[in-house]
Amino acid sequence: MTMHLDGVVRRGDFALDATLDVEPGEVVAVLGPNGSGKTTLVNALAGLDALDGGALHGPDGAAWDAGRAWVGPRHRSVGLVLAEPLLFPHLTARDNVAFGPRSRGAGRADARRTADAELAAVGLTEHASSRPRALSTGQAQRVALARALATSPALLLLDEPLSALDPETRGATRVSLGHRLRGYDGCTVLVTHDPLDALTLADRLVFLDAGRVVQSGTPAEVVSRPRSPYVARVVGLNLWRARRDGDVVRLPSGEAVTIADLPDAADLWVTARPSAVALWPTEPHGSPRNSWQLTVSSVELAGQSARVTLTGAVELVAEVTAASVAELGLAPGTVVWATLKAIELSAYEA
Ligand SMILES: Nc1ncnc2c1ncn2[C@@H]1O[C@H](COP(=O)(O)OP(=O)(O)OP(=O)(O)O)[C@@H](O)[C@H]1O
């Protein structure tokens, strides 16, 4: 069944006030800036915190938290994976995974069979007899995933499961996690800071800001139409709020922008890909386009390309080749002209 939350959790001045539905077999990634309420949400779903209002219905169909109805964490059908694997150091990988089924009443042989199947599903059959200190960090995290799934939970909560891994291990562990999640038919909520986790592992993305859901949609929808500066940053797009006045579109700074294809709405979001921004040492002339004289505030080189942050009449990120950084002498404080063709701007109703 669908997991359904429509509830409020208050912590001092902060309030999480969110609606979240997750279908069986669906992976929903929850993203948001620090302090937006992601951990508060996970704690409410796991039963580590109670709702202060509203209701939570688990995927098993039971009211987990609704008025006087309350199912404690031990009685919710939930598997939890945190950033650190937190395995029992004195138990083998197999016994770590078998611990959950055992403590829920399974016989020793049955629990071991389940553990072996779960370890096989994350590619760790050969390490079943290893103790945690003999495992790499990525392997230990895969054992933690096997342990979380060994009780066949209806809801799997993954709270930054890859964040403690070094970049190389993270890539391989992400692939293994994705593979395992495709074979899991329960509901999955994945909290992450990493856009790559969200875009590669999730069927749907939910963005929290200050305790509220500010956008949700499939990765493709969110990537093409971000609706908050945070979402735009995550998907790597320039985003401005704009107002249409007749055929003129103005940014909040009052700057007019020319957009080829305008929707019939007054309040707009306008996006542009950083790679569509061209930079020039002097004011360019020629085909009609948007052009601004801006100051470079930062340059981040990554291999053959660079992300250049510019400020002035508009805030803009440009992606240029490493060669142009040298040719234009781009460094904090450099003044350049930035242009964007009307056809490179995309506008949609806010
Ligand atoms: N026990 C508490 N008392 C008061 N405020 C709290 C308490 N617990 C959390 N908060 C506040 O609630 C807000 C949300 O915290 P939460 O940990 O859920 O955010 P988060 O999105 O998980 O952040 P991060 O990405 O940094 O982990 C924060 O402003 C935090 O300071």
Side-chain angles (χ1 to χ4, degrees), residues 3-22 26-58 64-66 70-73 76 78-86 137 141 144-145 148 153 155-167 169-170 173-174 177 181 187-217 219 222 226-236 239:
M3 188 209 80
H4 178 66
L5 167 74
D6 186 358
V8 179
V9 181
R10 292 199 183 82
R11 290 285 164 269
D13 292 340
F14 176 82
L16 171 77
D17 185 351
T19 303
L20 180 70
D21 288 315
V22 188
E26 192 184 28
V27 180
V28 173
V30 177
L31 299 103
N34 290 334
S36 56
K38 303 181 296 295
T39 299
T40 306
L41 173 69
V42 167
N43 289 349
L45 299 178
L48 302 172
D49 274 331
L51 296 180
D52 292 297
L56 166 64
H57 287 86
W64 283 0
D65 192 348
W70 165 257
V71 177
R76 293 188 187 190
V78 169
L80 181 61
V81 177
L82 304 172
E84 299 293 338
L86 304 175
T137 52
Q141 197 58 323
L145 176 64
L155 174 63
L156 177 65
L157 299 174
L158 306 169
D159 192 355
E160 300 277 6
L162 306 176
S163 64
L165 306 176
D166 61 68
T169 312
R170 190 179 308 161
T173 311
R174 185 186 294 115
L177 176 60
L181 290 179
C187 303
T188 302
V189 174
L190 163 70
V191 168
T192 180
H193 268 94
D194 186 343
L196 202 54
D197 293 350
L199 296 174
T200 57
L201 296 171
D203 301 304
R204 203 150 50 82
L205 314 185
V206 169
F207 287 86
L208 283 181
D209 195 6
R212 305 256 169 176
V213 175
V214 289
Q215 182 162 9
S216 67
V222 171
R227 292 181 175 275
S228 78
Y230 177 80
V231 180
R233 247 195 331 277
V234 166
V235 301
L239 176 79

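Note that ligands are numbered from 1 as they come in the structure, with each ligand's atoms numbered from 1 the same way. One-based numbering along the sequence shown.
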K.L.:
So is Ser36 touching ligand 1 or not, going by heavy atoms under 4.0 Å?
P.N.:
yes
K.L.:
Starting from atom 19 (O) of ligand 1, what is the nearest protein heavy atom, named by residue and atom, and what distance separates them?
P.N.:
Gly37 N, 3.2 Å
K.L.:
Of all the non-hydrogen atoms in the protein, which one sits nearest to atom 15 (O) of ligand 1, and at what distance?
P.N.:
Thr40 OG1, 3.8 Å
K.L.:
Need the ligand 1 atom indices (1-based, order shown) with element for anything under 4.0 Å from a heavy-atom of Pro33.
P.N.:
21 (O)
K.L.:
If only atom types and distance count, is the side chain of Arg212 paired as donor or acceptor with the main-chain N or O of Leu16 below 3.5 Å?
P.N.:
no
K.L.:
Using a 3.5 Å cut-off on N or O atoms only, is Phe14 in polar contact with ligand 1?
P.N.:
no
K.L.:
Any chance you could lay out the salt bridge (charged side-chain N to carboxylate O under 4.0 Å, His left out) test for Asp197 and Arg170, step after step, and finish with the verdict?
P.N.:
CA-CA 10 Å; Asp197 293 350; Arg170 190 179 308 161; over 6 Å; no
K.L.:
Determine whether any protein heavy atom is located less than 4.0 Å from atom 31 (O) of ligand 1.
P.N.:
no
K.L.:
Regarding atom 27 (O) of ligand 1: of the candidates Thr192, Leu41, Thr39, which has the closest heavy atom?
P.N.:
Thr39
K.L.:
Atom 6 (C) of ligand 1: which protein heavy atom is closest, and how many Å away?
P.N.:
Arg11 CB, 3.4 Å
K.L.:
Which of these, Gly211, Gly12, Gly35, has its nearest heavy atom closest to atom 29 (O) of ligand 1?
P.N.:
Gly35
K.L.:
Can you tell me the protein heavy atom closest to atom 26 (O) of ligand 1 and the distance?
P.N.:
Asn34 OD1, 3.3 Å
K.L.:
Would you check if Phe207 and Leu205 make a side-chain contact, meaning some heavy-atom pair closer than 4.5 Å?
P.N.:
yes
K.L.:
Please list, chain by chain and in numerical order, all residues satisfying side-chain hydrogen bond (donor to acceptor under 3.5 Å, both in side chains) with Thr169, sequence neighbours excluded.
P.N.:
Asp166
K.L.:
Quick one: look up the protein heavy atom nearest atom 25 (O) of ligand 1 and list residue, atom name and how far away it is.
P.N.:
Lys38 NZ, 2.7 Å
K.L.:
So does Leu31 get a backbone contact from the side chain of Lys38, meaning a donor-acceptor N/O pair under 3.5 Å?
P.N.:
no
K.L.:
Using the side-chain hydrogen bond (donor to acceptor under 3.5 Å, both in side chains) criterion, which residues pair with Gln215? Sequence neighbours excluded.
P.N.:
none
K.L.:
Check for a donor-acceptor pair, side chain of Asp203 on one end and backbone N or O of Val27 on the other, with a separation under 3.5 Å.
P.N.:
yes
K.L.:
In this structure, does ligand 1 have an atom that sits under 4.0 Å from one of the heavy atoms of His193?
P.N.:
yes
K.L.:
Rounded at 0.5 Å granularity, tell me how far CG in Leu156 sits from CG in Leu158.
P.N.:
4.0 Å
